[in-house]
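Report on one structure; see the data block that follows.
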Amino acid sequence: MRFATWNVNSVKARLPRLEEWLASARPDVLCLQETKVADFPDISSSGYAVAHFGQGRWNGVAILSRVGLTDVREGFPGEPGFPEQEARYVSAMCAGVRFISVYVPNGRTPEDPHYTYKLEWLAALRTSLAEDVAKGPLVIAGDFNVAPTDDDVWDPAVFVGSTHVTPPERAALAAIRDLGLHDIVGRPLKGDRPFTYWDYRAGMFHMNKGMRIDLVLATEDIAAQVTDAVIDREARKGKGPSDHAPIVVDTKRSAENGLG
DNA sequence: ATGTCGTCCGCGGGACGA
């Protein structure tokens, strides 16, 4: 089974590139974030089924699968809002695995109410996940908007006083990982830093000044079956890219059934 | 790093979020 995650920064703006990428990468399951549409575009000719929790101009998460897509859940019990619930979590069963696609709140600045929302959202997510993790193989992937360590940002000095690196954010993420989830880090295809996001501005991608804020967390049974994980920086190149690159994970697990 | 991109509103470019 091959699965992937990608913050596409608008599925409408990214549709040609998404369809090309699906045709070449052919993941069995793809978690998407920041679809930024209410209704997902028609990609039925691609052979993928779609579970989309969309909102309109902001947020929006989806799971695409060509190996089954059942028991879809939009949002999770106890999920905080800002002030209303936002489209940041969608979950489904695909080939015997519980997949969850998340777009964690940005937080804006540590003084902003959005930062408190981010911490509360992550804490509530942990509570919800604790139940799901106990039930079987699970993958939660997406844009966590947290760089787990100082090695996950291109220059820690630049981020002092900013979100994504504060101890409370990192502690909230660690508490999720401590449910027994493994951080499956993609191989960078250039350089030695596994960045997944580069700001559009100032030639940051060209200079490889990025951040690792997109994560794939998996239960032990899945993690033990991983054969490779790659950050597809090719998808960040060229005309009209997202500012995030996909992470592609290969496992020796069967995509035909849940017996792995 | 604040150098870009995407969306909305609404018809041109400003406001906002990331």
Side-chain angles (χ1 to χ4, degrees), chain A residues 5-21 31-41 52-62 80-89 101-122 141-148 150-166 169-170 172-173 191 193 195-215 231-247:
Chain A
T5 183
W6 192 11
N7 179 327
V8 287
N9 186 19
S10 169
V11 73
K12 194 184 289 182
R14 218 63 60 210
L15 190 57
R17 288 194 67 134
L18 173 62
E19 289 184 309
E20 274 173 37
W21 190 84
C31 296
L32 293 176
Q33 300 84 39
E34 285 205 87
T35 61
K36 292 186 173 179
V37 288
D39 299 307
F40 204 88
H52 177 229
F53 183 24
Q55 182 182 321
R57 75 181 293 194
W58 306 120
N59 312 315
V61 282
F82 193 72
E84 305 300 324
Q85 185 194 42
E86 300 180 308
R88 297 184 176 277
Y89 174 111
S101 177
V102 290
Y103 176 49
V104 174
N106 176 287
R108 296 178 189 164
T109 69
E111 301 75 30
D112 196 291
H114 209 258
Y115 177 81
T116 309
Y117 168 50
K118 180 181 196 173
L119 295 179
E120 290 172 354
W121 198 91
L122 284 167
D143 181 353
F144 280 76
N145 271 318
V146 179
D150 277 354
D151 286 337
D152 295 311
V153 297
W154 61 275
D155 181 1
V158 168
F159 290 88
V160 171
S162 300
T163 59
H164 296 60
V165 302
T166 66
E169 289 166 274
R170 287 178 170 167
L173 178 61
R193 319 285 301 276
F195 298 144
T196 63
Y197 161 86
W198 301 261
D199 197 299
Y200 283 123
R201 292 168 286 194
M204 300 293 270
F205 178 66
H206 181 69
M207 296 183 286
N208 198 28
K209 294 180 174 178
M211 306 172 75
R212 185 172 81 95
I213 54 176
D214 300 272
L215 305 177
I231 300 158
D232 184 5
R233 72 189 304 281
E234 296 300 313
R236 180 63 179 78
K237 294 182 178 175
K239 185 173 157 54
S242 169
D243 43 1
H244 296 250
I247 305 167

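Sequence lines set the chain letters: A, B, ... in the order given, protein chains first and strands last, and positions in each chain run from 1.
For the pair A:Y103 (side chain) and A:G142 (backbone), a donor-acceptor distance under 3.5 Å is absent.
A residue-by-residue look at A:S162 and A:R108 shows that A:S162 has its nearest nucleotide of DNA chain B further toward the 5' end.
In this entry the distance linking CZ of A:F144 with P of B:dA18 reads 17 Å, nearest Å. A:N106 places its CG atom 18 Å from the P atom of B:dT2, with the value rounded to the nearest Å. Distance, A:N145 CG to B:dA18 P: 8 Å, rounded to whole Å. Atom-to-atom, NE2 of A:H244 to C1' of B:dT4 comes out at 13 Å; the value is rounded to the nearest Å. The CZ atom of A:R88 sits 12 Å away from the P atom of B:dG17 (whole-angstrom rounding). If you measure from atom OH of A:Y197 to atom P of B:dT4, you get 13 Å, rounded to the nearest angstrom. Following rounding to the nearest Å, A:K118 (NZ) and B:dA18 (C1') show an atom-to-atom distance of 11 Å. For the pair A:I213 CD1 and B:dA18 P, the computed distance is 12 Å after rounding to whole Å.
Under the side-chain hydrogen bond (donor to acceptor under 3.5 Å, both in side chains) criterion, A:W154 pairs with no residue, sequence neighbours left out. In terms of the salt bridge (Lys or Arg N to Asp or Glu O under 4.0 Å) criterion, residue partners of A:R88 (sequence neighbours excluded) are, by chain and number, A:E86. Looking at residues two or more places apart in sequence or on another chain, you find a salt bridge (Lys or Arg N to Asp or Glu O under 4.0 Å) between A:K237 and A:E234. Residues passing the side-chain hydrogen bond (donor to acceptor under 3.5 Å, both in side chains) test with A:D150, sequence neighbours excluded: A:R170. Scored by the salt bridge (Lys or Arg N to Asp or Glu O under 4.0 Å) test, A:D152 finds A:R212 as partners (sequence neighbours excluded).
Ring planes of A:W198 and A:F205: perpendicular class, angle over 60° (limits at 30 and 60°).
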Heavy atoms under 4.0 Å is the rule here; annotate nucleotides 5-16 of chain B 5' to 3' with B where the base is hit, S where only the sugar-phosphate is, and - elsewhere. SBBS-------B
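When the P atom is compared between B:dC11 and B:dG6, the two are found 23 Å apart, to the nearest whole Å. Distance noted for atom P between B:dG13 and B:dT2: 25 Å (whole Å). For the P atom pair drawn from B:dG10 and B:dA15, the interatomic distance equals 14 Å after rounding to whole Å. Remark: the separation of the C1' atoms in B:dG3 and B:dC8 is 24 Å, to the nearest Å. A gap of 23 Å separates the C1' atoms of B:dA1 and B:dG14, to the nearest Å. Spacing between B:dG12 and B:dG17 at atom P, rounded to whole Å, works out to 25 Å.
For residues 109-120 of chain A, the pairs satisfying salt bridge (Lys or Arg N to Asp or Glu O under 4.0 Å) are A:K118-A:E169, with sequence neighbours left out. Within the structure, salt bridge (Lys or Arg N to Asp or Glu O under 4.0 Å) contacts touching residues 195-210 of chain A (residues at least two apart or in different chains) are A:D199-A:R201.
When A:V146, A:L122, A:V104, A:N145 are each tested for a side-chain contact (heavy atoms from CB on, under 4.5 Å) with A:L173, only one passes: A:V146.
Using a 4.0 Å heavy-atom cutoff across all strands shown, A:F159 reaches at least one base atom of the nucleic acid.
Less than 4.0 Å separates DNA chain B from at least one heavy atom of each of the following residues of residues 201-210 of chain A: A:R201, A:A202, A:M204.
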